[in-house]
Protein chains: 2
Amino acid sequence: MKLPVSTEWLLHCAASLAQLKSGDTASAAQLAQYFDLPAAYLAKQLQALVKAGVLAATTGPRGGFRLARPASEITLLQLVEAVDGASSPYECREIRQQGRGALPAEECRTPCILAEKMAEAHRAWRRSLAATSLADIVAALPPSAPSRTRLRLTGAP
Amino acid sequence: MKLPVSTEWLLHCAASLAQLKSGDTASAAQLAQYFDLPAAYLAKQLQALVKAGVLAATTGPRGGFRLARPASEITLLQLVEAVDGASSPYECREIRQQGRGALPAEECRTPCILAEKMAEAHRAWRRSLAATSLADIVAALPPSAPSRTRLRLTGAP
DNA sequence: ATTATCTCGGACTAAATAGATCCGCAATGT
DNA sequence: ACATTGCGGATCTATTTAGTCCGAGATAAT
Ligand code: FES
Ligand code: FES
């Protein structure tokens with residue numbers, strides 16, 4: 001069970017975008033340089049966030065990415081699931097109905113208790129991530145960070 | 001983020017072993033037949049559970065696997081982490097210290113807030129899984145299941 | 001004690017997936 | 001018109017996962 005490494009990239013990119021003035025954008029190249037990441041691959045992953053409706057992109061010169069909604073309405077869960085998909089890590093294939101020990105269909109009307117427990121754990125994980133918004137993240141950063149981020153992203157010396 | 005398919009296999013195998021008489025064992029071949037699984041691969045995964053101290057194996061004729069401890073002291077978390085490893089799916093590589101936007105070391109004394117939140121979600125997941133033991137699972141099965149499992153595993157008609 | 005047989009145990013190979021890159025196209029602002 | 005930027009697809013490689021194989025060791029009957 002492993003999240004793609006780009007998860008960390010995108011969380012930090014989103015947090016950086018949340019610190020921009022409303023209406024301002026940052027290009028994929030800028031973000032890649034900002035974190036020293038493979039630009040092409042990062043661009044591809046950013047597209048996934050756009051498709052998921054978390055980011056909005058404007059093309060053309062001085063274009064780039066910005067948040068599609070206020071930072072307070074973007075949760076960590078939405079970001080993570082945008083890059084990794086929303087499916088549960090545990091995939092029940094109804095093993096109880098196969099092989100010599102197969103249960104009669106009559107006893108399989110209710111979902112398997114093991115699948116239930118695994119799904120419950122996944123729900124707990126999702127609930128925890130959904131409890132934090134990007135605004136919470138920005139608020140928890142050192143007070144000096146936002147202005148510095150803004151300067152470096154928009155192209156200071 | 002995906003758990004190996006063998007996770008489901010092993011959870012069900014462990015649940016089946018929990019239904020055996022104390023001291024009785026089931027071989028990898030029996031379990032594989034019971035669920036219609038690739039025997040060799042299942043055997044490999046069962047070894048992981050032995051290494052993790054969840055199962056105990058006895059070799060030689062009439063040997064096989066059994067629980068290493070009472071079912072009430074084996075949690076789902078221990079089983080899952082035995083097969084998939086115990087590391088968090090989110091791996092923080094301290095991206096905040098790299099690239100043009102690198103933070104000064106002074107502001108990196110405390111762990112990154114994003115890494116914290118992701119770790120917290122993982123803890124919630126682990127807590128949920130640790131709350132259920134194999135004994136709970138067996139208790140929740142249909143009342144007819146235990147005897148049937150015992151019969152089929154030990155080789156009845 | 002020997003031997004036949006059954007078990008785990010680890011080494012090994014093949015398939016799938018993730019990571020990463022590239023290029024052409026469409027859209028936008030100068 | 002032109003430079004800049006996102007978008008999508010095709011492609012290539014590295015890593016992980018899935019699956020197979022055969023040998024070391026233990027048991028029980030002879
Ligand atoms: S049948 Fe899939 S978890 Fe039990
Ligand atoms: S530096 Fe790793 S999560 Fe922020």
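Lettering of chains follows the sequences in order, A, B, ..., and the numbering in each one begins at 1. What's counted below: heavy atoms across the whole structure, side chains too, no hydrogens, waters or symmetry copies.
- With rounding to whole Å, B/Leu49 atom CG is found 13 Å from C/dC8 atom P.
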Exercise for the section: Apply salt bridge (Lys or Arg N to Asp or Glu O under 4.0 Å) to the pair B/Glu94 and B/Arg96, showing each step before the final yes or no. Expected result: CA-CA 5 Å; B/Glu94 288 296 330; B/Arg96 59 180 176 174; 2.8 Å; yes
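- Note that the first and last nucleotides of DNA chain D, 5' to 3', having any atom under 4.0 angstrom from a heavy atom of chain B are D/dA18 to D/dT27.
- Distance CE (B/Met1) to C1' (C/dT17): 16 Å, rounded to an integer number of Å.
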Handout entry: Steps toward side chain to side chain contact (heavy atoms under 4.5 Å, CB included) verdict (B/Thr25, B/Thr58)
Key = CA-CA 8 Å; B/Thr25 67; B/Thr58 59; 4.1 Å; yes
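- Rounded to whole Å, the distance from CG on A/Leu42 to P on C/dC22 is 15 Å.
- The nearest pair of heavy atoms linking B/Pro4 to B/Asp84 is CD-OD1, 3.2 Å.
- Note on A/Ala28: only backbone sugar-phosphate atoms sit closer than 4.0 angstrom, heavy atoms only; bases stay farther off.
- For the side chain to side chain contact (heavy atoms under 4.5 Å, CB included) criterion with B/Leu79, the lone passing option out of B/Leu10, B/Thr7, B/Val54, B/Leu55 is B/Val54.
- Formation of a donor-acceptor pair under 3.5 Å by the A/Gln19 side chain with backbone atoms of A/Val138 is not found in this model.
- B/Arg66 has its CZ atom 14 Å from the C1' atom of C/dT7, to the nearest Å.
- A distance-only check finds a donor-acceptor pair linking the side chain of A/Glu8 to the backbone of B/Arg93 [under 3.5 Å].
- Of all heavy-atom pairs between B/Met1 and B/Pro89, the closest is SD-CB, 4.0 Å.
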Distances under 3.5 Å between nitrogen or oxygen atoms of protein and nucleotides 26-30 of chain C:
residue, atom, partner, partner atom, Å
C/dA27, N3, A/Thr59, OG1, 3.2

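- Checking side-chain atoms of A/Ser16 against main-chain N and O of A/His12 turns up a donor-acceptor pair under 3.5 Å.
- In this structure, the side chain of A/Gln30 engages the main chain of A/Ser27 through a donor-acceptor pair within 3.5 Å.
- In this structure a side-chain-to-backbone donor-acceptor pair under 3.5 Å is present from B/Ser133 to B/Asp136.
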For nucleotides 19-21 of chain C, which of its nitrogen or oxygen atoms have a protein nitrogen or oxygen under 3.5 Å away, and what is each distance?
residue, atom, partner, partner atom, Å
C/dG19, OP1, A/Val5, N, 3.3
C/dG19, OP2, A/Tyr41, OH, 3.4

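- Residue-environment remark: CZ (A/Arg69) exceeds the threshold of 12 foreign heavy atoms within 6.0 Å.
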